[in-house]
Amino acid sequence: PDVDAAGARLERALARLEKKAAALKARSAPVEDDLFAPRAAPADTARIAELETAAREASAALGRAADEVRALLDAED
């Protein structure tokens with residue numbers, strides 16, 4: 001049914017979001033003891049923190065939505 005398709009779309013969206021958030025986090029965290037690692041400007045650091053927060057919030061929202069879809073699917077069985 002349509003609920004199955006919606007659940008699958010939510011799962012794919014959540015996986016993509018988690019992958020993007022992990023990639024952003026990996027790029028934004030220079031190694032502390034690397035003298036030659038580029039350092040982010042303060043404005044960039046603040047923006048990175050905002051993006052990470054937004055990604056966590058979006059991921060949590062998608063997770064809750066996926067849980068609701070799963071509950072609906074389980075109720076149909």
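Predicted, not measured: the structure shown is a model, and the values here were computed from it.
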Between Arg56 and Thr53, is any side-chain donor less than 3.5 angstrom from a side-chain acceptor? yes

Atom CZ in Arg16, atom CG in Leu62: separation rounded to 0.5 Å? 9.5 Å

Considering only NZ, NE, NH1 and NH2 on the basic side and carboxylate oxygens on the acidic side, decide whether Asp44 and Arg47 come within less than 4.0 Å. no

Please report the C-alpha distance between Arg70 and Asp67 in whole Å, then the side-chain angles of each, then the deciding distance to 0.1 Å, and finally whether the salt bridge (charged side-chain N to carboxylate O under 4.0 Å, His left out) criterion is met. CA-CA 5 Å; Arg70 284 188 207 98; Asp67 289 341; 2.6 Å; yes

